[in-house]
Each structure stands twice: as C-alpha cells, then as structure tokens.
Participant: 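Quick one: the structure is below, questions incoming.
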Number of protein chains: 2
Amino acid sequence: MAKPATKLSEQVRRGELYTVDCPSRGVLKHVTSLWGVLVLITLRSGTHRFSDLRRKAKGVSEKMLAQTLQGLEADGFVDRKSHPVVPPHVEYSLTPLGREASSQVESLVDWIEANLYQVMQARQRKQEI
Amino acid sequence: MAKPATKLSEQVRRGELYTVDCPSRGVLKHVTSLWGVLVLITLRSGTHRFSDLRRKAKGVSEKMLAQTLQGLEADGFVDRKSHPVVPPHVEYSLTPLGREASSQVESLVDWIEANLYQVMQARQRKQEI
DNA sequence: TTCGACACTTACCTTTTTGTGCGTACTTCC
DNA sequence: GGAAGTACGCACAAAAAGGTAAGTGTCGAA
C-alpha cells in the first residue's frame with residue numbers, strides 16, 4: 001500500500017542546499033515567498049477563511065493566494081478543511097509542522113522590522129555617493 | 001551635510017508588512033532569495049572573493065551573483081573591498097548587521113533541512129490521492 | 001430581480017526575473 | 001603564443017511569475 005520510500009531517502013540530503021537540485025530550495029521558496037510569509041504569520045493567530053486571508057494580506061490576488069495555499073498545503077504546513085455547503089466554506093489552519101515553520105519565519109520578519117531603520121540608512125548612504 | 005531623515009522615518013513603519021508598500025518586503029526579498037541565502041550563509045565562514053562565492057553556490061550565474069551582492073551591499077549586509085590591482089581582486093564579507101541577518105536565515109535553513117524529510121513525506125501523501 | 005459573497009479555476013496577457021554570450025585589461029601558466 | 005583566470009557590465013533572449021477578467025452555482029440582501 002505505502003510506496004517504497006527509496007527515492008525519498010535519496011532526495012533528502014541534509015546540508016546540501018548548495019547543490020543545484022536540493023529539494024530544500026523549493027521549500028525555502030514556498031516558505032519565504034512574500035505571500036507564503038504573510039499566510040504563515042497570519043494563520044498563527046488562528047484559523048482563517050480564504051477571503052479573510054485575502055483581506056489581511058493586502059495586495060494578494062485570488063490566484064496567488066490559492067497558489068500559495070496549495071503550495072503550503074502540499075508541504076504539510078497548512079491544513080485545509082472544506083465544508084461542502086452551498087456558499088463554499090473553507091477553513092485554513094497551521095499544522096504542527098506549519099506552526100514550527102511559521103515561528104521561524106516570524107522571527108526572521110521580526111528581526112527585519114526591528115532593523116529596518118538601519119537598513120534604510122545604509123541604502124541612503126549608498127545613494128549619496 | 002546629513003540629509004534630513006523625514007522621509008525615512010515615514011517609510012519605517014514597524015509591523016506593517018501587511019501593507020502593500022512596506023519597505024520590509026524588499027529587504028525580505030533580498031535576504032530570502034535563494035542566492036541571497038546562499039551568499040549570507042557562505043560568508044559566515046569568512047571573507048570570500050567573487051569567484052569563490054560563485055563556485056560554492058552551485059548554479060548561480062555571474063550576473064545573478066553580482067546582482068545579489070549589490071543588493072546585500074546596499075542593504076548594509078555585506079562589505080565590499082576592492083583592491084585596484086590588475087587582475088581584479090575584490091573581497092566580500094559580512095557587516096555586523098549582516099552577521100545578525102545571516103544567523104537568522106541560517107536558523108531558518110537549518111530548520112528546513114532538519115524537517116525536510118517530513119515535508120517530502122507530506123508531498124508524497126498528496127500525490128497518492 | 002439584480003447584485004454581491006463565497007472559493008476557487010481557467011485563459012490570456014504583461015511584467016519581472018533569470019540565463020547566455022560577449023567584452024574588458026592584464027597576468028600567469030603551459 | 002594561446003588559454004585561462006579575474007570581477008564584472010551590457011544587450012538580447014528565454015522563462016517564470018504575476019495580474020486581470022471572466023465563469024462556476026447557490027444563497028441572502030437590497
């Protein structure tokens with residue numbers, strides 16, 4: 001029933017982000033894309049519906065949000081619960097794995113926001129030259 | 001001499017990553033782009049020359065590496081020292097700010113690599129359905 | 001009764017990103 | 001004496017990402 005995981009174990013090579021086809025690169029992309037970050041952080045405060053997320057992450061299009069959500073779902077970071085009622089009702093929440101991931105990206109984002117002033121100053125200095 | 005920082009202070013609004021034009025989004029992009037990550041992590045082990053970086057970050061083109069480096073330099077994360085000798089000699093290293101940033105992204109990357117197996121399993125489960 | 005909300009999907013088009021190849025000015029290695 | 005290495009910049013092409021608009025089916029509100 002369960003597929004033999006031979007290929008899987010080959011693909012998982014720790015510490016090889018440097019190699020071209022390391023699957024970590026894909027996960028990194030999902031997790032750190034702008035919309036990925038926003039979704040992950042937003043879901044920390046609890047379950048959200050599609051349109052809630054859309055309203056909170058200003059500027060995201062429906063297409064991008066759907067795509068982002070699907071990526072994060074496939075990676076096992078978000079859980080999608082669809083209630084088959086007539087006006088569709090779908091709820092998104094973080095899985096345990098997703099909660100870990102989101103705390104990582106949150107701390108990165110917090111650092112960026114805390115140090116944003118310094119970065120902006122550095123940028124200005126460059127412009128002056 | 002120093003420019004008045006009026007505009008700067010306006011631009012720095014903490015906790016507003018959700019808004020469309022928050023400058024944090026740009027920093028996030030620089031820091032979490034694949035090549036940005038690789039450069040930041042590689043430079044943790046010390047100063048590197050352009051072609052050293054190119055060799056270590058497998059798959060990066062010269063153009064992309066140059067672009068990445070310029071972005072990180074502008075943000076104040078890397079320091080560029082050019083020795084005006086005849087075969088060009090340029091050294092890149094992390095600034096103190098860059099060292100902080102790189103430790104953030106390193107912990108994110110470490111988490112991803114440590115949990116990669118679980119992610120791959122989640123992906124496989126999706127495929128089976 | 002027409003409109004908007006819901007959670008998407010699809011097709012099409014534009015924008016952005018990235019790759020490729022070339023040129024540079026000079027040195028060292030073979 | 002030809003090739004390779006150095007750290008890029010530039011022009012063009014290819015690829016990927018993203019935006020826009022429309023359609024789905026049913027309900028409740030105006």
Side-chain angles (χ1 to χ4, degrees), chain A residues 18-23 25-39 42-43 47-75 78-93 126 129, chain B residues 18-23 25-39 42-43 47-75 78-93 126 129:
Chain A
Y18 286 108
T19 64
V20 176
D21 54 353
C22 178
R25 290 189 177 183
V27 180
L28 184 70
K29 212 169 189 178
H30 286 165
V31 166
T32 64
S33 76
L34 178 55
W35 308 128
V37 168
L38 255 27
V39 166
T42 303
L43 288 182
T47 297
H48 282 69
R49 299 182 59 173
F50 186 88
S51 43
D52 291 337
L53 290 170
R54 182 149 155 62
R55 272 184 290 267
K56 288 204 181 177
K58 309 249 169 75
V60 70
S61 65
E62 296 196 342
K63 181 182 151 189
M64 274 300 101
L65 182 55
Q67 215 171 96
T68 302
L69 252 7
Q70 283 162 10
L72 294 175
E73 196 198 348
D75 286 353
V78 321
D79 188 35
R80 187 190 118 107
K81 270 204 182 60
S82 171
H83 306 271
V85 291
V86 171
H89 187 107
V90 183
E91 295 189 334
Y92 292 94
S93 57
K126 293 280 155 187
I129 300 168
Chain B
Y18 285 107
T19 64
V20 176
D21 55 351
C22 177
R25 290 190 176 180
V27 180
L28 184 70
K29 210 170 190 179
H30 286 164
V31 166
T32 63
S33 76
L34 179 55
W35 307 128
V37 168
L38 255 28
V39 166
T42 303
L43 288 182
T47 297
H48 282 70
R49 300 181 59 174
F50 186 89
S51 43
D52 292 337
L53 290 169
R54 179 149 156 64
R55 271 183 291 267
K56 288 203 180 179
K58 308 248 169 75
V60 71
S61 65
E62 297 195 342
K63 182 182 150 189
M64 275 298 101
L65 182 56
Q67 215 170 94
T68 302
L69 252 6
Q70 283 163 9
L72 294 175
E73 196 199 348
D75 287 352
V78 319
D79 188 36
R80 186 190 118 108
K81 272 208 178 58
S82 170
H83 305 271
V85 293
V86 172
H89 187 108
V90 183
E91 296 188 334
Y92 292 95
S93 56
K126 293 281 156 186
I129 300 169

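Throughout, protein chains are lettered first and strands after them, A, B, ... in sequence-line order, and every chain is numbered starting at 1.
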Participant: Between D:dG5 atom P and B:H83 atom NE2, what is the distance in whole Å?
Facilitator: 21 Å
Participant: Is the shortest side-chain N/O distance from B:R49 to OP1 or OP2 of D:dA7 below 4.0 Å?
Facilitator: yes
Participant: Quick one: which of A:R55, A:K56, A:E91 gives a side-chain hydrogen bond (donor to acceptor under 3.5 Å, both in side chains) with A:H48?
Facilitator: A:K56
Participant: Give the rounded distance in Å between these two atoms: CD of A:E73 and C1' of C:dA7.
Facilitator: 13 Å
Participant: Do the side-chain N or O atoms of A:R55 get closer than 4.0 angstrom to the phosphate oxygens (OP1, OP2) of C:dC6?
Facilitator: yes
Participant: Let me know the distance between CG of B:L34 and P of C:dT17, rounded to the nearest Å.
Facilitator: 15 Å
Participant: Over 60° means perpendicular and under 30° means parallel, so tell me whether B:F50 and B:Y92 are parallel, tilted or perpendicular.
Facilitator: tilted
Participant: Donor-acceptor check, side chain of A:R25 to backbone of A:T19, threshold 3.5 angstrom: yes or no?
Facilitator: yes
Participant: Counting only side-chain heavy atoms from C-beta out, which of C:dA7, D:dT6, D:dC8 sits nearest to A:P88?
Facilitator: C:dA7
Participant: Is there a side-chain contact between B:L38 and B:V60 (heavy atoms, below 4.5 Å)?
Facilitator: no
Participant: Considering only D:dT6, D:dC8, C:dT9, which nucleotide approaches the side chain of B:Q70 most closely?
Facilitator: D:dC8
Participant: When you get a sec, tell me which of C:dC8, D:dG9, D:dT26 is the closest nucleotide to the side chain of A:V86?
Facilitator: D:dT26
Participant: Does A:R54 use its side chain to pair, donor to acceptor, with the backbone of A:G59 at less than 3.5 Å?
Facilitator: no
Participant: Could you tell me whether the side chain of B:L69 reaches within less than 4.5 Å of the side chain of B:L53, counting heavy atoms only?
Facilitator: yes
Participant: Nearest whole angstrom, please: distance from the C1' of D:dG25 to the NE2 of A:H89.
Facilitator: 18 Å
Participant: Sort me out a list of protein N/O and nucleotides 14-23 of chain D N/O pairs below 3.5 Å, or just none if empty.
Facilitator:
from, atom 1, to, atom 2, distance (Å)
D:dA17, OP1, A:K29, NZ, 3.0
D:dG18, N7, A:K63, NZ, 3.3
D:dG19, OP2, A:S61, OG, 3.3
D:dG19, N7, A:K63, NZ, 3.1
D:dG19, O6, A:K63, NZ, 2.3

Participant: Looking at A:R54, does any N or O in its side chain come under 4.0 Å of the phosphate oxygens OP1/OP2 on C:dA5?
Facilitator: no
Participant: Find the distance B:L65:CG to C:dT18:P and express it as a whole number of Å.
Facilitator: 13 Å
Participant: Hey, does A:E91 reach any base, or is it just sugar-phosphate, or nothing, if we go heavy atoms under 4.0 Å?
Facilitator: nothing
Participant: Taking side chain as C-beta onward, heavy atoms only, is B:W35 less than 4.5 Å from B:L65?
Facilitator: no
Participant: Closest approach to the side chain of B:F50, judged atom by atom: which nucleotide of D:dA7, C:dA7, D:dT6 is it?
Facilitator: D:dA7
Participant: Which nucleotide in the set D:dA7, C:dA7, D:dT26 lies at the smallest distance from any side-chain heavy atom of A:R80?
Facilitator: C:dA7
